[in-house]
Structures are given as structure tokens and as C-alpha cells.
Amino acid sequence: MALGVRKRYKDGEKEPTRHFSDRQEKAVAKAIGGKQTPNSGAASIKGDVLTNGGSYDSSWLIECKTKTTHSESISIKKEWFEKNKYEASEMGKALTAIVFNFGPDEENHYIIDEWLFQTLMEYLKNGNNQ
């Protein structure tokens, strides 16, 4: 930060929103073996976390959403899914998920579409979870 420039915070907020988003994105990338997208949202590469598996089927585009303070709820927006699917298709990624939590250091929850959930159920049903 430049000398004489003050860091601005919202009332009651200790760190800027980007601080919390960055922490969540790094944690998700580590958990799934992906890479955090540098400067996500502002760069030409979209999505917050990307994976490049051995095949098209294992390539993910993940969008992360976090709360800056602890909360009992979060609003899920349809536009998040539409944008994520569009960007995934533009980047040649087969799979998408939205990851959210209820505040800093809270557990992450992954939202996937019905097709992927059914695929996961079938995979587990066939005993492939060992």
C-alpha cells in the first residue's frame, strides 16, 4: 500500500471482501487439487478455481462464494450457475460447481447439477467408492 493511503473498511469489517474470497479460493484449490485463478473476475480467465484432469471429463470450473462474517443463511443466485456454465463451455471445462460457506473458516459446501449428482450416486452405488 502506498505511503499515506488509508485502507478502507466497512463498519465492523476487519478485512476487505477480497481477503475472505482469496482465503476460500486457496482452501478449495488445495482441497480438490486445483489451481486458484489469479485475479479471478477481473482477468480473461474466469472462474475462481480450475482443475485440469487427464481428460475433458475431469476438468472443472469452480465458482466460490463466501460470507465475510458468520451467517445462518446465504442467497443462491441463478445467474451464478448460468455464468459458470457459460464460462466453462468457453474454456472447454466439462464440469462446474458453486462452492459456498457461511463465513470465514466455515465448512465449504459444493453445489452441483442433477446430472452430476446422479452420476455420483450411480458411482457410489456400484461400489466404486473404495
Side-chain angles (χ1 to χ4, degrees):
M1 189 174 312
L3 187 60
V5 176
R6 293 177 127 175
K7 201 171 185 180
R8 295 183 185 174
Y9 298 114
K10 294 178 184 174
D11 289 340
E13 187 177 37
K14 295 180 183 172
E15 296 287 345
T17 302
R18 185 71 217 147
H19 167 80
F20 298 101
S21 298
D22 187 58
R23 279 180 37 191
Q24 183 196 29
E25 291 165 15
K26 284 179 180 170
V28 169
K30 184 178 179 181
I32 67 169
K35 292 188 185 279
Q36 180 185 16
T37 304
N39 201 21
S40 62
S44 60
I45 298 173
K46 300 299 181 187
D48 296 317
V49 177
L50 305 174
T51 68
N52 286 320
S55 68
Y56 174 76
D57 291 349
S58 58
S59 295
W60 287 82
L61 185 130
I62 308 290
E63 182 67 26
C64 297
K65 302 294 182 184
T66 188
K67 302 281 267 187
T68 59
T69 58
H70 296 284
S71 176
E72 294 297 315
S73 65
I74 185 170
S75 294
I76 304 298
K77 298 181 180 179
K78 183 177 181 180
E79 68 187 61
W80 296 348
F81 298 95
E82 292 169 345
K83 182 180 175 196
N84 206 27
K85 284 183 179 183
Y86 172 77
E87 290 175 353
S89 69
E90 291 289 306
M91 296 176 68
K93 301 288 183 185
L95 306 168
T96 64
I98 304 291
V99 181
F100 72 95
N101 62 35
F102 294 102
D105 303 317
E106 294 272 343
E107 178 182 22
N108 286 314
H109 302 275
Y110 294 71
I111 304 172
I112 57 176
D113 65 24
E114 185 174 32
W115 173 84
L116 186 53
F117 183 75
Q118 289 173 341
T119 301
L120 176 61
M121 286 182 59
E122 189 66 29
Y123 177 83
L124 295 172
K125 179 180 161 186
N126 289 330
N128 295 320
N129 60 342
Q130 301 171 6

Give the table of side-chain donor-acceptor pairs shorter than 3.5 Å for residues 113-121, with sequence neighbours excluded, one pair per line with atom names and distance.
| residue | atom | partner | partner atom | Å |
| --- | --- | --- | --- | --- |
| Asp113 | OD1 | Trp115 | N | 3.4 |
| Asp113 | OD1 | Leu116 | N | 2.8 |
| Thr119 | OG1 | Trp115 | O | 2.9 |

Test of understanding: with salt bridge (Lys or Arg N to Asp or Glu O under 4.0 Å), list the residues that count as partners of [X], not counting sequence neighbours.
X     : value
Lys67 : none
Lys78 : Glu82
Lys30 : none

Name all residues meeting the side-chain contact (heavy atoms from CB on, under 4.5 Å) criterion together with [X]; count only those two or more places apart in sequence or in a different chain, and write none if there are none.
X     : answer
Ala97 : Trp60, Ile62, Ile112
Lys26 : Asp22, Gln36
Glu72 : none

4.5 Å side-chain heavy-atom contact, Leu61 and Leu95: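 Counting from C-beta outward, Leu61 and Leu95 never come under 4.5 Å.
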Leu50 side chain near Met91 side chain, heavy-atom distance below 4.5 Å: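 Leu50 reaches Met91 side chain to side chain.
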Please give me the minimum heavy-atom distance between [X] and [Y], naming the atom from each residue.
X     : Y     : value
Cys64 : Val49 : SG-CG2, 4.2 Å
Ser59 : Gly92 : CB-O, 4.5 Å
Ser73 : Ser71 : O-OG, 2.7 Å

Steps toward salt bridge (charged side-chain N to carboxylate O under 4.0 Å, His left out) verdict (Arg23, Asp105): CA-CA 9 Å; Arg23 279 180 37 191; Asp105 303 317; 2.5 Å; yes
Residue pairs passing the ring-ring contact (aromatic ring centres under 6.0 Å, His included) test where at least one lies in residues 87-113, sequence neighbours excluded: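 ring-ring contact (aromatic ring centres under 6.0 Å, His included) check on residues 87-113 returns Phe100-Phe102, Phe100-His109, Phe102-His109.
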All pairs passing ring-ring contact (aromatic ring centres under 6.0 Å, His included) where residues 61-91 contributes a residue, at least two apart: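 Sorted pair list comes back empty.
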Results of side chain to side chain donor-acceptor pair (under 3.5 Å) for Asn101 - residues two or more places apart only: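 Partners of Asn101 by the side chain to side chain donor-acceptor pair (under 3.5 Å) criterion, ordered by chain and then number, come out as Thr66, Asn108.
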Asn84 side chain vs Thr96 backbone, donor-acceptor pair below 3.5 Å: no
Nearest-0.5 Å distance that lies between atom NZ in Lys93 and atom CD in Glu87: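 It comes to 12.5 Å.
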CD1 on Ile98 to CD on Glu63, rounded to 0.5 Å: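 One gets 5.5 Å once the value is rounded to the nearest 0.5 Å.
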Same apolar cluster: Ile76 and Val99, side chain cutoff 4.5 Å: no
